[in-house]
Amino acid sequence: MISFELGINVEDERWLDNLAGIETLSENVANAAFNYMELNADLSALDYDKPLLIGLSLGNDDIIHKFNREFRGIDKPTNVLSFANIDDDEFEDECEQYDEIELGDIIIAYETTAREAEEKNITLHDHYCHLLVHGLLHLMGFDHQSDKEAEIMENHEINILNQLGIANPYTE
């Protein structure tokens with residue numbers, strides 16, 4: 001069983017004001033994602049029998065805009081950014097060297113997430129859970145650069161969210 005530690009940094013109080021119990025919710029979502037993926041995907045890149053460390057920053061559009069511009073060259077905010085260490089050349093060496101594996105960081109922007117939830121006529125809770133699952137899958141090495149990759153990643157998201165009682169986010 002994959003063990004993990006989710007370090008949560010609340011940088012915008014609106015997360016706490018509008019999503020009760022967000023820390024517990026985040027832990028539950030991460031637990032569901034790792035349990036599902038352990039049973040349904042090849043996670044051999046994470047097969048070190050060591051705890052995984054994940055940083056989660058609950059920020060806002062200003063914070064994520066800065067990172068989106070700096071690291072992706074996109075001069076606007078987005079809903080979620082993931083910085084996956086699994087993509088680094090030194091990842092395997094670091095996994096063997098240390099007692100814990102730093103999997104990476106996720107940043108989620110409050111305003112964009114809330115606006116998208118309203119536009120999609122879904123709850124902030126459900127959209128937040130989807131974005132967190134999406135970010136976690138990136139940290140596990142999944143991507144959506146090609147149609148095939150996107151299909152695989154979306155199917156994992158749908159199945160994990162289903163286990164959490166959340167409807168498929170890709171249907172209208």
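In this text, all values refer to a predicted model and were calculated from it rather than measured experimentally.
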query: Is any side-chain N of the basic residue among R115 and E119 closer than 4.0 Å to the acidic one's carboxylate O?
result: yes
field: For I106 against G135, the heavy-atom pair lying closest together
entry: CD1-C, 3.5 Å
query: At what distance, to the nearest 0.5 angstrom, does CD1 of I107 lie from CG of D105?
result: 7.0 Å
message: Test of understanding: clusters of I, L, V, M, F, W, Y form through side-chain heavy atoms closer than 4.5 Å, transitively. Do L137 and F4 belong to the same one?
response: yes
message: How close do L164 and A32 get, counting heavy atoms only, and between which atoms?
response: CD2-CB, 3.7 Å
Let me check something: any side-chain donor-acceptor pairs from residues 50-60 under 3.5 Å, sequence neighbours excluded? List them with distances.
residue	atom	partner	partner atom	Å
K50	NZ	C95	O	2.5
K50	NZ	E96	O	3.3
K50	NZ	Y98	O	2.6
S57	OG	E11	OE2	2.3
N60	OD1	D62	N	3.1
N60	OD1	I63	N	3.0
N60	ND2	D12	OD2	3.2

- prompt: Does the side chain of E23 come within less than 4.5 Å of L6's, by heavy atoms?
  reply: no
field: Residue pair T123 / A117: nearest heavy atoms and the distance that separates them
entry: O-CB, 3.9 Å
D75, CG atom: more than 12 neighbouring heavy atoms under 6.0 Å: yes
Spacing of N18 atom CG and T113 atom OG1 [to the nearest 0.5 Å]: 11.5 Å
query: Linking I/L/V/M/F/W/Y whenever their side-chain heavy atoms sit closer than 4.5 Å, directly or via other members, would L161 and I122 fall into one cluster?
result: no
query: Does the side chain of Y110 reach to within under 4.5 Å of the side chain of L19, using non-hydrogen atoms?
result: no
- line: Interatomic distance, CG@N31 vs CG@N35, rounded to 0.5 Å, equals 4.5 Å
- prompt: Are any of the side-chain heavy atoms of F91 and I101 separated by less than 4.5 Å?
  reply: yes
message: Can you confirm whether S3 sits close enough to F34 that some side-chain heavy atom of one is under 4.5 Å from a side-chain heavy atom of the other?
response: no
- prompt: How about Y170 and H130: are their ring centroids closer than 6.0 Å?
  reply: yes
field: Nearest-0.5 Å distance that lies between atom CE in M37 and atom CG in N159
entry: 9.5 Å
- prompt: In a check of side chain to side chain contact (heavy atoms under 4.5 Å, CB included) between L131 and each of T112, L136, D126, I108, which one passes?
  reply: I108
- request: Step through the shown structure and confirm whether more than 12 heavy atoms of other residues, nucleotides or ligands are within 6.0 Å of CG on D17.
  value: yes
task: Is it possible for you to say whether I64 and V10 belong to one hydrophobic cluster, with membership spreading through side-chain heavy-atom contacts below 4.5 Å?
output: no
message: Looking at every non-hydrogen atom in both residues, tell me the closest pair between S82 and L139 and how far apart they are.
response: CB-CD2, 4.3 Å
- request: Over all heavy atoms of both residues, which pair between V133 and I160 is shortest? Give the atoms and the distance, please.
  value: CG2-CG2, 3.8 Å
message: Once you measure the plane-to-plane angle for F71 and F83, does it fall in the parallel (<30°), tilted (30-60°) or perpendicular (>60°) bin?
response: perpendicular
field: Check against side-chain hydrogen bond (donor to acceptor under 3.5 Å, both in side chains), N68 and R72
entry: CA-CA 5 Å; N68 208 22; R72 297 179 64 218; 2.8 Å; yes
query: Could you walk me through whether K120 and E116 pass the salt bridge (charged side-chain N to carboxylate O under 4.0 Å, His left out) check?
result: CA-CA 6 Å; K120 295 173 186 227; E116 288 174 349; 5.4 Å; no
message: Could you tell me if the side chain of K76 sits less than 4.5 Å from the side chain of R69, heavy atoms only?
response: no
- prompt: Just wondering, more than 12 heavy atoms not from E102 lying within 6.0 Å of its CD?
  reply: no
- request: Group every Ile, Leu, Val, Met, Phe, Trp and Tyr by side-chain heavy-atom contacts under 4.5 Å, then state whether V80 and F67 land in the same group.
  value: no
- prompt: Are V29 and L43 connected, step by step, through hydrophobic side chains (Ile, Leu, Val, Met, Phe, Trp, Tyr) whose heavy atoms are closer than 4.5 Å?
  reply: yes
task: Report yes or no: does N155 contribute a side-chain atom to a donor-acceptor pair with the main-chain N or O of E151 at less than 3.5 Å?
output: yes
Closest approach of A109 to D61 (non-hydrogen atoms, all atoms of both residues): CB-OD1, 3.4 Å
- request: Tell me, yes or no, whether the heavy-atom count around Q163 atom CD, taken from other residues, nucleotides or ligands under 6.0 Å, exceeds 12.
  value: yes
field: N40 (side chain) donor-acceptor with Y36 (main chain) under 3.5 angstrom
entry: yes
Spacing of E154 atom CD and N168 atom CG [to the nearest 0.5 Å]: 8.5 Å
field: E38 atom CD, neighbour heavy-atom count above 12 within 6.0 Å
entry: yes
- prompt: From E94 CD over to I86 CD1, what is the distance, rounded to the nearest 0.5 angstrom?
  reply: 12.5 Å
- prompt: Just wondering, do F142 and H156 contact through their side chains at under 4.5 Å, heavy atoms?
  reply: yes
